[in-house]
There are 2 protein chains.
Amino acid sequence: MRITTWNVNGLRAAIRKGFADQIAEIQPDLLLLQEIRVTPDQLDEEWRSPDGWHVHWHPAQRKGYSGTAVWSRLPFEIVGTGTSEADPDDEGRLISVLCEGLNVSSVYLPSGSSKPERQIVKEAWMNRFRSWVTGLPTTGPAILGGDLNIAHTEKDIFYAKANEKSSGFLPHEREWFGDLLKAGWHDTARHHFGDVQGPYSWWSNRGRARELDRGWRIDYLLANAAAHSRFRSATIHREAGITVSDHAPVSIDLD
Amino acid sequence: MRITTWNVNGLRAAIRKGFADQIAEIQPDLLLLQEIRVTPDQLDEEWRSPDGWHVHWHPAQRKGYSGTAVWSRLPFEIVGTGTSEADPDDEGRLISVLCEGLNVSSVYLPSGSSKPERQIVKEAWMNRFRSWVTGLPTTGPAILGGDLNIAHTEKDIFYAKANEKSSGFLPHEREWFGDLLKAGWHDTARHHFGDVQGPYSWWSNRGRARELDRGWRIDYLLANAAAHSRFRSATIHREAGITVSDHAPVSIDLD
DNA sequence: CTTGGTATG
DNA sequence: CATAACAAG
């Protein structure tokens, strides 16, 4: 089965720019979306309940902002949203589902790059997310997929030196990500591609960052032990996204 | 000499869509602009001080909103802005210049169509404008050009019946316009085209209003007696504007 | 339906 | 540099 995660940077814009064709090409069984920036009622019926898919939307309260979703070819049940009972998750950043015994989450960590206040929000979110991950059931296979807005190592970012003080590549953010791996989560794409530079999953819209492949790898599919034992391969669809989003879709194939 | 008035609906957008070509085509000696929606400092030097023109900008205080300008091939002096000493005209709606003995004004009356408060503002503006017109020197030739946001008669609007209660075609607005004519101002385009339906100078962006020519004539060049004695012809450049603004440029040729 | 400003990424 | 909400026309 194929699981794909994609920060679409506004689903309505993505649809205009060829989202459907790219999904038809990638053929995921499970599709984790981030930054949908839409509520279902703003979509045509055709997109709100697309033919051949089971879909769950988890939009933000605020219009045109953030939001995640899960699309699946097979039926699934919602396990939960947000990091705890106490977390209303009104920015629509975390949704977990159970599909064919596989626990799959679509997550969109806040960006901290716009202003210091947002970095505070990001770090609070990272803390809550860590607690939430720790509390996940350890028995069945599980996948954490989404835009974590953090590049892990110097292999995951083109301009490592220049970004040592940038949100998304701060030492303590990289360490936070490392802790997830230490806790038994596998970075599937890194596992697949080995110790090479890249491949990246996000490029700034400014300048010619994408064309020059000056990107960051901030979109991940993390697998726990049970899921990782079924891992076959990983793909970063670097061409697929070009016309659609500033992020590339990222996929894994599991047995 | 040719005088042209044009509500450009955002000069920066107009420039992107071919403003320069249209002006080169029309070849005005005096160009009265409305709804420039820009301050000179937001323009490149090339547009702030265009080659071969004397230009005066009268922007609104508020960014991206309203504003008028006068462009002239020959030098001119500013006679004044706003309707009185007491009127700061901070929406940049009225500028008068003196060029070769001709008194020329570019005026942009408020629209009242968005909400009742704006209709109040429009009517206050109409009253001040009437006083201002009355106080103009009666000796030399004078032209009042611009977007008055009022269609005068049923010949000046496609859907007369449907718009009897619409701002821009209200009985007292039409009467206010009639009073200008009674005070000795000549509606040059109407004089030129005679008692026919149209030609219109503005079409809604909604539906296919322009294609179906369901428009309004709300852009005028009014001439006092001295100017009207020099009147030769009038043109509504119905094709020129199509790619640029929702208003067509309107011109007169004077001896 | 379009412009342009703003917030956010 | 792009998306989307908004205010205004």
Side-chain angles (χ1 to χ4, degrees), chain A residues 7-17 19 34-39 42-43 59-67 91 93 108-119 121-122 147 149 166-168 202-211 214 216 218 241-247, chain B residues 7-17 19 34-39 42-43 59-67 91 93 108-119 121-122 147 149 166-168 202-211 214 216 218 241-247:
Chain A
N7 176 322
V8 291
N9 189 27
L11 181 58
R12 283 167 292 179
I15 288 168
R16 283 197 301 274
K17 301 197 237 158
F19 174 80
Q34 300 88 38
E35 219 178 349
I36 56 173
R37 300 175 70 166
V38 74
T39 49
Q42 293 173 300
L43 292 170
Q61 212 94 65
R62 171 173 171 184
K63 279 172 143 197
Y65 182 69
S66 188
E91 292 188 350
R93 295 190 177 273
Y108 174 41
L109 248 86
S111 163
S113 57
S114 62
K115 51 178 191 264
E117 298 90 295
R118 289 307 292 175
Q119 181 63 19
V121 170
K122 179 180 187 176
D147 174 3
N149 263 317
S166 304
S167 172
W202 174 81
W203 303 262
S204 167
N205 274 319
R206 312 199 190 172
R208 295 181 301 153
R210 189 148 191 175
E211 167 186 355
R214 296 173 175 173
W216 302 43
I218 58 181
I242 262 174
T243 53
V244 176
S245 166
D246 50 349
H247 294 251
Chain B
N7 177 320
V8 291
N9 189 26
L11 182 57
R12 283 167 292 179
I15 288 169
R16 283 198 301 274
K17 300 196 233 157
F19 175 80
Q34 299 90 38
E35 219 177 349
I36 57 174
R37 301 174 69 163
V38 73
T39 49
Q42 293 174 300
L43 292 170
Q61 212 97 63
R62 172 172 173 186
K63 278 173 146 195
Y65 182 70
S66 188
E91 293 187 350
R93 295 190 178 273
Y108 174 41
L109 248 88
S111 163
S113 57
S114 62
K115 51 178 192 264
E117 300 89 293
R118 290 306 291 176
Q119 181 64 18
V121 170
K122 179 181 186 176
D147 175 1
N149 263 316
S166 305
S167 173
W202 174 80
W203 303 263
S204 167
N205 274 319
R206 312 197 192 171
R208 295 182 300 155
R210 189 149 191 173
E211 167 186 358
R214 297 174 175 173
W216 301 44
I218 59 180
I242 265 175
T243 53
V244 175
S245 167
D246 50 349
H247 293 250

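Here the structure is a predicted model, which means the values were calculated and not measured. All chains are named by letter (A, B, ...) in the order of the sequence lines, taking the proteins before the strands, and each is independently numbered beginning at 1.
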Exercise. Measure the shortest side-chain to side-chain distance between A:Leu43 and A:Leu11 over non-hydrogen atoms and say whether it is less than 4.5 angstrom.
Key: yes
Self-check item: Atom-to-atom span, CZ of A:Arg37 to C1' of D:dT3 - whole angstrom
Solution: 4 Å
Quiz item: Strictly by modelled atom types, are B:Asn205 and B:Arg210 linked by a side-chain donor-acceptor pair under 3.5 Å?
Solution: no
Quiz prompt | A:Tyr65 vs D:dA4: side-chain N/O to OP1/OP2 distance below 4.0 Å | solution = no
Quiz item: Between B:Val38 and B:Arg12, what is the shortest heavy-atom contact and its length?
Solution: CG2-NE, 3.3 Å
Quiz item: Whole-Å distance between D:dT3 P and A:Asn205 CG?
Solution: 8 Å
Self-check item: Backbone N/O of B:Ser167 and side chain of B:Lys122: donor-acceptor pair under 3.5 Å
Solution: no
Exercise. Please list, chain by chain and in numerical order, all residues satisfying salt bridge (charged side-chain N to carboxylate O under 4.0 Å, His left out) with B:Arg206, sequence neighbours excluded.
Key: none
Practice problem: When you get a sec, tell me which of D:dC1, D:dG9, C:dT3 is the closest nucleotide to the side chain of B:Lys17? | Solution: C:dT3
Quiz item: Which part of the nucleic acid, if any, lies within contact of A:Arg208, taking any heavy atom under 4.0 Å across all strands shown: a base, the sugar-phosphate backbone alone, or nothing?
Solution: nothing
Quiz item: Contact class for B:Leu11 (heavy atom, under 4.0 Å): base, sugar-phosphate, or nothing?
Solution: sugar-phosphate
Practice problem: Kindly write out the residues that satisfy ring-ring contact (aromatic ring centres under 6.0 Å, His included) with A:Phe19, not counting sequence neighbours, or none if the list is empty. | Solution: A:Trp6, A:Trp47, A:Trp71
Practice problem: Would you mind reading off the distance between A:Trp216 atom CH2 and C:dG9 atom C1', rounded to a whole angstrom? | Solution: 12 Å
Quiz item: Are A:Arg62 and D:dT3 close enough that a side-chain N or O sits under 4.0 Å from OP1 or OP2?
Solution: no
Practice problem: Figure out the CD/P separation between A:Gln34 and D:dT3, and round it to whole Å. | Solution: 18 Å
Quiz prompt | Proximity to DNA chain C (any heavy atom under 4.0 Å), residues of residues 108-116 of chain A only | solution = A:Tyr108, A:Ser111, A:Ser114, A:Lys115
Practice problem: Please state whether the phosphate of C:dT6, meaning OP1 or OP2, lies under 4.0 angstrom from any side-chain nitrogen or oxygen of B:Lys63. | Solution: yes
Exercise. Can you figure out which of C:dC1, C:dT3, C:dG9 approaches the side chain of B:Ala13 most closely?
Key: C:dT3
Exercise. Could you please spell out the steps behind the side chain to side chain donor-acceptor pair (under 3.5 Å) verdict for A:Glu91 and A:Ser66?
Key: CA-CA 6 Å; A:Glu91 292 188 350; A:Ser66 188; 5.2 Å; no
Exercise. Give a yes/no answer on whether the side chain of A:Arg206 brings an N or O atom under 4.0 Å of OP1 or OP2 in C:dG9.
Key: no
Exercise. Would you please confirm or rule out a distance under 4.0 Å between OP1 or OP2 of C:dG4 and any side-chain N or O of B:Arg16?
Key: yes
Quiz item: Is any side-chain N or O of A:Arg118 closer than 4.0 Å to OP1 or OP2 of C:dT8?
Solution: no
Quiz item: Which is true for B:Gln42 with a 4.0 Å heavy-atom rule: it touches a base, it touches only sugar-phosphate, or it touches nothing?
Solution: sugar-phosphate
Exercise. Starting at atom NE2 of B:His247, determine the distance to atom P of C:dT2, rounded to an integer number of angstrom.
Key: 14 Å
Exercise. Quick one: sort the B:Trp202 and B:His247 rings into parallel, tilted or perpendicular, breaks at 30° and 60°.
Key: tilted
Practice problem: Rounded off to whole Å, could you give me the CH2-to-C1' distance for the B:Trp203 and D:dG9 pair? | Solution: 16 Å
Exercise. Send over the distance from A:Phe19 CZ to D:dT3 P, rounded to a whole Å.
Key: 15 Å
Quiz prompt | Spacing between B:Trp202 atom CH2 and C:dT2 atom C1', to the nearest angstrom | solution = 11 Å
